[in-house]
K.L.:
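Provided herewith is a single structure, encoded as structure tokens, for subsequent inquiry.
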Amino acid sequence: MWKFIVSHFPGWDVVFQAIMLLVLPVVFYFLSNWVKSRLSNRSYAKSKEASTAGAVSNSDDEEFAGEQPVTGNYDHDLSVLKQQAVNHCDIHIREFTIGRANRAAVLYVDGLYDKNLMDTQVLESLMNKGGGGTSTSQEIPITKENLVNQILPVSQVSDTGQLDQVVEDILTGVVALLVEGLEEILMISGSAGNSRGIEEPVSEGLLRGPRAGFTETLSDNTALLRRHGKNESLQMIKFKVGERAQKNLIVAYMRDIANSELVDEVIRRIEAIDMDYLPESGYVEQLIEDNSLSPFQQVQSTERPDRVIGALMEGRVAILLDGTPFVLIVPVTFSMLLQSPEDYYERWIPASLLRLLRFFTAFLAVFTPAIYISFISFNQGLIPTELVVTIIESRLSVPFPSIIEALIMEVSIEILREAGIRLPKPIGPAMGIVGGLIIGDAAVNAGIISPFLVIVVAVTAISSFAIPSYSTGITLRMLRFLAMFFAAFLGLFGTVMFFILVCSHLAKLKSFGVAYISPLSPFRWNDWKDFIFRMPFKLMNRRPILMKTRDSTRRNK
């Protein structure tokens, strides 16, 4: 009896692999929680120190600086403004006379305000119409109301009673008008018209769909949203972000669709941003995401207005930052990153097949080299004998183990890809041709790699190109190397273990309170109509349940 039991005990290598399969996920789970708690405690301590120091510095600033109201004394106010602008050589001050007696001055930054608009709409109007008529009956009394309503033919005019705010606003492209006798300074908006034209998005090409893409100008991007989604419930809230160099940021959502708790959470995270300068929306993305330790992006970026409008109609929230064509969409699920706007422009059968193909290519992009290493190094019995013989014959001249062989090829591909992106366009294709020759026949003939591995790496690289999101492609490429190491140490057990770890992490990950792999977990059958397959529009009558929208009906029939 005991001999029978002992004879059926597995070998030590199998026991070790089983123990590792059970222990490693537990160790990884507790280790991740420990790292997260340490980081959160450290960030809390830093924020507490910063708030204490900020309170002290603010009290000091208020004590020494104070507020400087506009006094109405032209010479005094102009002297204060000149003193504040002494360190800004690009601020121009143009003094002139309105009509016959009223002295005035405009302050502006050359290049931020349209010069023609300044000459024709501001200076010419003030000099000619502001009491400059030939007869006394044509003179218009210089008051704030008359300047705004009768003299200045510009659309956006506001006023301020604080001298401290004037220079700060001028540096954002506003013209300040100081008039003798007025206790307010008029602020005239109108940026220079040197923005880039609306072009087709470079990072999200489509065969069928709108060709318009966002630009670096915030007003153009909001206008694109208004043009694509003419709806009075499209709400836009403006914020200023950046402590030392401020930029405008807009949070857009559909007022009668989006969940109010989601909107409040987005606004809370935007208001909590503490950064000197935000050059691109990638800064915002990293500052507001839920888990900064995760390799997966929890905020989707896009250049396409049609994709943003589609997301808003599902109850999501868009974040637009001045100076970048990439607009952020929150919350996001993993399936959204593998979807293309073209899925909705084509008929549902080919669109569903293409979407299914993208899920398959995402799997190939991560696990193809790992499966190759597993089969070559540990689990040769799982592949047909003829194929094993062919692979072994092709690897007879290769001196490296499979993991080193695969690393050489994958790292070379990554170097070529990075070099092709950074090089100027005329040189990029030449680099690709040279790299293809080196990695292909030359490396095989030199005995560095086997021909079969060239096929594996080519399939992996082409699969990664099929991912619509570039950021998601980077994440999958990084995970590919981890999968290769797991396969090199534990074979197919390691590959399966890595797959379980990735799935466990995805199941725990959330984006603004929404499960990252929803509707797979938690399971919501109604949302599966727009998950792996895209069902006909006649069956998609409801918005995604996971968004908890105010209006859940997409179609009445």
Side-chain angles (χ1 to χ4, degrees), residues 199-205 213 216 278-286 289 292-303 323-326 328 334 337-338 340 358 361-373 400 402-444 446 448-450 453-488 498 502:
E199 300 172 351
E200 185 176 2
V202 177
S203 62
E204 295 174 281
E216 286 77 10
L278 300 172
E280 214 274 337
S281 58
Y283 277 62
V284 181
E285 175 183 346
Q286 297 174 60
E289 63 185 0
S292 58
L293 298 179
S294 174
F296 293 92
Q297 62 178 120
Q298 297 133 58
V299 178
Q300 187 176 28
S301 62
T302 179
E303 289 186 83
T324 174
F326 289 93
L328 305 179
F334 184 70
L337 304 176
L338 300 181
S340 168
R358 282 190 218 107
T361 55
F363 179 83
L364 290 180
V366 177
F367 290 103
T368 303
I371 293 174
Y372 168 80
I373 295 171
F400 306 113
S402 58
I403 177 63
I404 300 298
E405 184 189 13
L407 281 176
I408 291 173
M409 286 295 292
E410 290 294 340
V411 172
S412 302
I413 288 288
E414 295 300 325
I415 293 173
L416 277 176
R417 190 202 312 258
E418 194 66 17
I421 294 175
R422 310 300 167 200
L423 283 174
K425 288 184 179 179
I427 308 177
M431 174 62 71
I433 295 171
V434 174
L437 291 175
I438 293 174
I439 292 179
D441 291 339
V444 172
I448 299 175
I449 58 173
S450 63
L453 183 63
V454 175
I455 300 174
V456 171
V457 172
V459 170
T460 306
I462 294 173
S463 299
S464 64
F465 290 145
I467 308 299
S469 171
Y470 178 73
S471 299
T472 307
I474 296 177
T475 301
L476 298 183
R477 284 153 53 190
M478 185 178 63
L479 294 177
R480 180 192 311 155
F481 285 94
L482 291 177
M484 289 165 57
F485 284 115
F486 270 77
F498 182 74
V502 173

K.L.:
Is any side-chain heavy atom of Val411 closer than 4.5 Å to one of Phe481?
P.N.:
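They are in side-chain contact.
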K.L.:
Between the side chains of Glu405 and Ser450, does any donor sit under 3.5 Å from an acceptor?
P.N.:
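Their side chains do contain a donor-acceptor pair, which is all the 3.5 Å distance test asks for.
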K.L.:
List the steps, then state whether side chain to side chain contact (heavy atoms under 4.5 Å, CB included) holds for Phe400 with Ile448.
P.N.:
CA-CA 8 Å; Phe400 306 113; Ile448 299 175; 4.0 Å; yes
K.L.:
Ignoring hydrogens, what is the shortest heavy-atom contact between Ile467 and Gly473? Give both atom names and the distance.
P.N.:
CG2-N, 4.1 Å
K.L.:
Quick check: are there more than 12 heavy atoms from other residues, nucleotides or ligands sitting under 6.0 Å from OH of Tyr283?
P.N.:
no
K.L.:
Any donor-acceptor pair under 3.5 Å linking the side chain of Glu410 with the backbone of Ile408?
P.N.:
no
K.L.:
Report the distance from atom CG of Leu479 to atom CD1 of Ile474, rounding to the nearest 0.5 Å.
P.N.:
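Separation between the atoms: 12.0 Å.
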K.L.:
Which of these, Val459, Val454, Leu453, sits in a side-chain contact (heavy atoms from CB on, under 4.5 Å) with Val457?
P.N.:
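Going through the options one by one, the only one that passes is Leu453.
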K.L.:
Could you give the distance from CD1 (Ile373) to CZ (Phe485), rounded to the nearest 0.5 Å?
P.N.:
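Rounded to the nearest 0.5 Å, the CD1-CZ separation comes to 8.5 Å.
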K.L.:
Any chance the side chains of Gln297 and Thr472 put a donor and an acceptor closer than 3.5 Å?
P.N.:
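A pair is found: one side chain offers a donor N or O, the other an acceptor, under 3.5 Å apart.
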K.L.:
Under 3.5 Å, side chain of Arg477 to main-chain N/O of Ser464, donor-acceptor pair present?
P.N.:
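No, the answer is negative, given that no donor and acceptor are paired below the 3.5 Å cut-off.
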K.L.:
Nearest 0.5 angstrom please: Met484 CE to Ile404 CD1, how far?
P.N.:
9.0 Å
K.L.:
Restricting to non-hydrogen atoms, name the atom on Thr475 and the atom on Pro295 that form the minimum distance, rounded to 0.1 Å.
P.N.:
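That would be OG1-O, 2.9 Å.
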K.L.:
With a 4.5 Å limit on heavy-atom distance, are the side chains of Phe465 and Arg417 in contact?
P.N.:
yes
K.L.:
At their closest point, which heavy atom of Ser402 faces which heavy atom of Tyr372, and how far apart are they?
P.N.:
CB-CE2, 4.4 Å
K.L.:
Taking atom OG of Ser463 and atom CZ of Arg358, what is their separation to the nearest 0.5 Å?
P.N.:
13.5 Å
K.L.:
Taking side chain as C-beta onward, heavy atoms only, is Tyr470 less than 4.5 Å from Ser203?
P.N.:
no
K.L.:
What are the two closest non-hydrogen atoms of Pro369 and Thr460, and how far apart are they?
P.N.:
CD-OG1, 3.5 Å
K.L.:
Angle between ring planes, Phe334 versus Phe296, binned at 30° and 60°: parallel, tilted or perpendicular?
P.N.:
perpendicular
K.L.:
Looking at every non-hydrogen atom in both residues, tell me the closest pair between Pro201 and Gly213 and how far apart they are.
P.N.:
CG-CA, 3.7 Å
K.L.:
Taking all heavy atoms of Ala487 and all of Ala370, pick out the closest pair and write down the distance.
P.N.:
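Where Ala487 meets Ala370 most closely, the heavy atoms are CB-O, 3.3 Å.
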K.L.:
Supply the atom-to-atom distance Leu338 CG to Leu476 CG, rounded to the nearest 0.5 angstrom.
P.N.:
7.5 Å
K.L.:
Is it true that a side-chain atom of Glu285 and a backbone atom of Leu328 form a donor plus acceptor pair closer than 3.5 Å?
P.N.:
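No.
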K.L.:
Measure the CD-OG1 distance between Glu216 and Thr324 for me, rounded to the nearest 0.5 Å.
P.N.:
7.0 Å
